[in-house]
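Reading through the structure tokens given below for one structure.
Residues: numbered from 1 along the sequence shown.
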Amino acid sequence: MRLLNQASTISGPVPMIKITPPGPKARKVLAVDKKYISPSYTRAYPLVVRRGSGMMIEDEDGNRYLDFNAGVAVCITGHCHPEVVAAACRQMGELIHMIGTDFYYHHQSDVAKKLTEITPGKFAKKVFLANTGAESIEAAMKLSRYYTRRPRFVAYIGAFHGRTFGALALTASKAVQRRYFAPLLPETTHIPYPYCYRCLFNLTHPKCNFACLSYLEDVLFKKVVPPEEVAAIVVEPIQGEGGYVVPPDGYFQALRKLCDKYGILLVVDEIQSGLGRTGKMFAIEYWKTVPDIVCIAKGIASGLPLSAMVSRADLHTWPGGAHANTFGGNPVACAAASKTMELLENGLIRNADRMGTYLFNRLLKLKNKYEFIGDVRGKGLMIGVEIVKSRKTKIKDQIRRNKIVEKCFKQGILILGCGDNVIRFAPPLIVTRNDIDKAMEIFEKVLKRSS
């Protein structure tokens, strides 16, 4: 596997904490940030990044960290992968921008063609390129409405699809994300996600017969939401910000069947779970379900801003001018995306599957040792560890979770929380056994001190 891990380009040990973060140089940046940056940003801990390479992040004071969050699942080829950097630099010397929604360049069509080949479904597809995950969701919502002429959407409790007004109507992750922004897009209904560890119906799979989905058809469709008015059901194959929740086998097949029954489009949000992170190109492939629309972002260009909505070609009945943007499909981002997808197919997806299994098993062993680890779940390198007061009560322990995340940062491991009480592990797909061993050694030390 070529250029799997670029950490060797940095001399010296990783992780390496020279001075307790934030150090003096970092604190100077924090002071300026506090004065000029919007307080709406969320910061898990005071990491002030100066540079990155492979699995390594270095802060302003020279501390070095092993990155197990990859910029929230964005830097899938590692930081500054030399082949991605070279592709972007070559493109910057030729063309940076010429608005691809008004003119043509092959970088857009090359990426679009590749996306139609790697997304699920053996049928003709078309692609809309944008900049962020929220923009890809907005495009999917608009296309769904335009094609079906239906006004309603169904989404999930715990979902995160973005913070722009349309996407925010689907998002139901944290109240702070919606507070004081109403009215949002009307007629958006949220249903329980198949979160078996915390079933809202207090049932157990498979005896439940997917009661959380039956609730939509047997209750909401009959009493609240006319199904013939629903344009699309929007869902994450593995719920990301909601807590890295993995649905049980069979759920998505049942959901697909329900959508087909009522002529509802199935929109799958692969923004965090897609592009090899789960050990398959797209997470929905685990359940052999083909969506009508796939939304892609985060890792697609290894850190440059790019996103995509890929859908059945026959859905694109909208005319020129119905939807467009200025920077979507930027040639530099497209060059990075083409190289990223090449690297994925040439070994990184396989590595995500292999290293994901290794990391998962290491975390399972820790679960057996620590009563406050209630659940370990995930696919590939998208793994959640749920922190509880005790396994018997399953009471969420957000305070302990937050302390673990912060202490890992101070020890040189970058992880993040998700949901109310879950720790997410989403390292770059270049991660090695040695990286995992180092991270788990520090993680367990932190867990022992948290007991």
Side-chain angles (χ1 to χ4, degrees), residues 1 4-5 54-55 66-78 81 118-120 133 160 194 196-197 235-249 251-252 268-289 291 294-300 302 340-367 375-386 413-416 418-419 422-437 439-440 443:
M1 191 182 304
L4 180 63
N5 193 336
M55 288 291 299
L66 263 179
D67 184 7
F68 269 68
N69 73 61
V72 193
V74 168
C75 300
I76 58 175
T77 59
H81 193 293
I118 65 175
T119 45
F160 184 86
C196 293
Y197 183 71
V235 62
E236 299 160 275
I238 296 176
Q239 203 165 65
E241 300 306 307
Y244 274 30
V245 183
V246 182
D249 290 343
Y251 180 85
F252 281 113
V268 170
D269 178 341
E270 291 269 9
I271 290 164
Q272 188 163 176
S273 61
L275 296 166
R277 173 146 301 282
T278 64
K280 292 186 181 293
M281 186 64 82
F282 294 98
I284 196 67
E285 295 175 45
Y286 277 102
W287 298 285
K288 296 179 171 56
T289 300
V294 180
C295 293
I296 306 164
K298 286 195 180 293
I300 188 172
S302 293
T340 297
M341 288 185 280
E342 178 186 325
L343 291 166
L344 288 172
E345 292 184 324
N346 287 342
L348 291 187
I349 296 176
R350 189 165 62 252
N351 192 62
D353 181 42
R354 194 164 58 242
M355 292 300 101
T357 298
Y358 183 67
L359 175 58
F360 190 86
N361 288 334
R362 290 293 304 267
L363 290 168
L364 276 183
K365 289 180 180 178
L366 293 177
K367 176 189 173 184
D375 193 27
V376 174
R377 53 183 177 254
K379 299 282 189 183
L381 291 172
M382 187 175 186
I383 303 174
V385 176
E386 182 151 352
I413 303 297
L414 302 180
I415 53 176
L416 288 171
C418 60
V422 177
I423 297 169
R424 77 178 100 186
F425 287 86
L429 308 192
I430 62 170
V431 69
T432 66
R433 285 174 67 109
N434 185 51
D435 296 324
I436 293 171
D437 289 341
M440 290 299 97
F443 186 59

field: Side-chain heavy-atom pair Met440, Phe425 within 4.5 angstrom cut-off
entry: yes
query: Which atoms form the tightest heavy-atom contact between Val294 and Pro120, and what is the distance?
result: CG2-CD, 4.4 Å
task: Calculate, to the nearest 0.5 Å, the distance between atoms CG and NE2 belonging to Leu429 and His81 respectively.
output: 10.5 Å
task: Check Pro237 against Pro247 and note the closest heavy-atom contact, atom names and distance.
output: O-CD, 3.1 Å
- prompt: Which atoms form the tightest heavy-atom contact between Gly276 and Ala352, and what is the distance?
  reply: O-CB, 3.3 Å
task: Verify the distance criterion only: is there a donor paired with an acceptor across the side chains of Ser302 and Thr340 at less than 3.5 Å?
output: yes
field: Shortest non-hydrogen contact from Asp435 toward Ile430
entry: OD2-O, 4.5 Å
Interatomic distance, Ser273 atom OG to Lys280 atom NZ [nearest 0.5 angstrom]: 13.5 Å
Atom of Ala73, atom of Ile76 and distance for their closest heavy-atom approach: O-CG2, 3.7 Å
message: Which residue is it: Glu270, Gln272, Lys379? I am looking for the one with a side chain to side chain contact (heavy atoms under 4.5 Å, CB included) to Ile238.
response: Lys379
- prompt: Are Val235 and Phe252 close enough that some pair of their side-chain heavy atoms sits under 4.5 Å apart?
  reply: yes
- prompt: Considering residues at least two apart in sequence or located in another chain, which fulfil the salt bridge (Lys or Arg N to Asp or Glu O under 4.0 Å) criterion with Glu236?
  reply: none
- request: Answer whether the closest heavy-atom distance between the side chains of Phe160 and Cys418 falls below 4.5 Å.
  value: no
message: Taking Gly243's backbone N and O only, do any of them form a donor-acceptor pair with Arg377's side chain (distance below 3.5 Å, no angle check)?
response: yes
field: Inter-residue atom distance Leu381.CG - Asn351.CG, 0.5 Å rounding
entry: 7.5 Å
field: Side chain proximity check, Pro427 to Arg277, heavy atoms < 4.5 angstrom
entry: yes
Side chain proximity check, Phe68 to Ile436, heavy atoms < 4.5 angstrom: yes
- prompt: Quick one: CG on Asp67 to CG on Leu414, what's the gap to the nearest 0.5 Å?
  reply: 5.0 Å
Atom pair CG (Asp353) and CG (Leu348), whose distance is rounded to the nearest 0.5 Å: 12.5 Å
- prompt: With Arg362, which residues qualify under salt bridge (Lys or Arg N to Asp or Glu O under 4.0 Å), at least two apart?
  reply: Asp437
message: Please determine whether side-chain contact (heavy atoms from CB on, under 4.5 Å) holds for the pair Phe443 and Ile423, giving the CA-CA distance in whole Å, both sets of side-chain angles, and the decisive distance to 0.1 Å.
response: CA-CA 11 Å; Phe443 186 59; Ile423 297 169; 4.1 Å; yes
- prompt: What heavy-atom pair brings Met382 and Gly240 nearest, and what distance separates the two atoms?
  reply: CE-CA, 4.2 Å
- prompt: Charged N to carboxylate O below 4.0 Å: is that the case for Glu241 and Arg424?
  reply: yes
task: Could you grab the distance from atom OG1 of Thr77 to atom CG of Leu344, nearest 0.5 Å is fine?
output: 8.0 Å
field: Glu345 and Ile118, any side-chain heavy atoms less than 4.5 Å apart
entry: yes
Beyond-backbone contact of Ile383 with Leu359, side-chain heavy atoms, under 4.5 angstrom: yes
field: Non-hydrogen side-chain atoms of Phe282 and Ile296 separated by less than 4.5 Å
entry: yes
